[in-house]
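Structure first, then comments.
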Amino acid sequence: MSQSTEKIWKTLQQVPTGKVVTYGQLADLAGLPGRARLAARALRVAPKEMALPWYRVIGAGGKISIPKDNPGFARQMELLRSEEVVVNNGRLKLSEYQWQPDLADLMWRLEF
DNA sequence: CCTGTGACTCGGG
DNA sequence: CCCCGAGCCACAG
């Protein structure tokens with residue numbers, strides 16, 4: 001895999017239960033500013049065995065970005081709800097659930 | 001090499 | 001709130 005893709009994966013592992021990040025935010029935290037599309041792609045190609053919390057990644061407006069006709073849409077909603085995240089019509093309140101990394105988390109990032 | 005296509009985002013209208 | 005276009009970029013065809 002490309003190194004950029006791996007950075008996305010590692011960063012995503014840091015997102016705690018019950019919290020979410022947007023594609024753009026994930027890319028930024030991974031040290032890849034402006035690469036939201038890469039983040040989306042990294043999720044799609046991630047091997048299942050990695051068990052990444054892919055469902056904790058949503059669109060910038062607080063909306064689930066998976067097309068509604070894709071079975072993953074409903075799955076993402078139920079997974080989020082299983083973590084106490086309130087989701088309505090594929091929407092959730094970013095002000096309440098968006099992950100705000102603390103200093104320790106940012107330090108961790110220096111490891112790659 | 002060129003083109004189309006996104007699990008993206010932001011700014012306009 | 002929706003739709004569009006423009007950036008953006010890896011990747012398949």
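By convention in this document, chain letters (A, B, ...) are assigned in the order of the sequence lines, proteins followed by strands, and residues within each chain are numbered from 1.
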Pull out every residue in residues 77-95 of chain A that has a heavy atom closer than 4.0 Å to any atom of DNA chain B, ordered by number, or say none.
-> none
If you measure from CG on A/Asn89 to NZ on A/Lys68, what distance do you get to the nearest 0.5 Å?
-> 10.0 Å
Please state the C1' separation for the pair B/dG6 and C/dC8 - nearest whole angstrom.
-> 12 Å
Here the distance between atom C1' of C/dC9 and atom CG of A/Leu32, to the nearest Å, is 12 Å
Please work out which residues in residues 51-74 of chain A have a non-hydrogen atom less than 4.0 Å from an atom of DNA chain B and list them by number.
-> A/Trp54, A/Gly59, A/Ala60, A/Ser65, A/Ile66, A/Pro67
From the candidates C/dC9, B/dT9, B/dG6, the one with an atom nearest any side-chain atom of A/Arg35 is C/dC9
Within residues 13-22 of chain A, find the residues that approach DNA chain B with a heavy atom at under 4.0 Å, and present them sorted by residue number.
-> A/Thr22
So, does A/Gln98 use its side chain to make a donor-acceptor pair with the main chain of A/Gln25 at under 3.5 Å?
-> no
Take atom P in B/dA7 and the same atom in C/dG7, then report the distance between them in whole Å.
-> 22 Å
Starting from C1' on C/dC9, measure out to CZ on A/Arg44 and report it in whole angstrom.
-> 12 Å
Single-linkage hydrophobic cluster, 4.5 Å side-chain cutoff, A/Val21 and A/Leu103 together = no
Looking at the side chain of A/Arg37, which of B/dA7, C/dC8, B/dT9 is the nearest nucleotide?
-> C/dC8
Close side-chain approach of A/Thr22 to A/Val57, heavy-atom, < 4.5 Å = no
Within this structure, what is the OH-to-P distance between A/Tyr23 and B/dC10, rounded to whole angstrom?
-> 14 Å
Salt bridge between A/Glu83 and A/Lys19, side-chain N to carboxylate O under 4.0 Å?
-> no
So does A/Arg75 have more than 12 non-hydrogen atoms from other groups sitting under 6.0 Å from CZ?
-> no
The side chain of A/Arg41 lies closest to which of these nucleotides: C/dA10, B/dT9, C/dC8?
-> C/dA10
Is the number of heavy atoms from other residues, nucleotides or ligands within 6.0 Å of CG (A/Asp102) greater than 12?
-> yes
Validation row: A/Pro101, A/Leu29 side chains within 4.5 angstrom (heavy atoms) = yes
Using modelled atom types only, decide if a donor and an acceptor are shared between the side chain of A/Trp9 and the backbone of A/Ala42 within a distance under 3.5 Å.
-> yes
A/Arg81 side chain to A/Val87 main-chain N or O, any donor-acceptor pair under 3.5 Å?
-> yes
Does A/Met77 reach the side chain of A/Ile64, with side-chain heavy atoms less than 4.5 Å apart?
-> yes
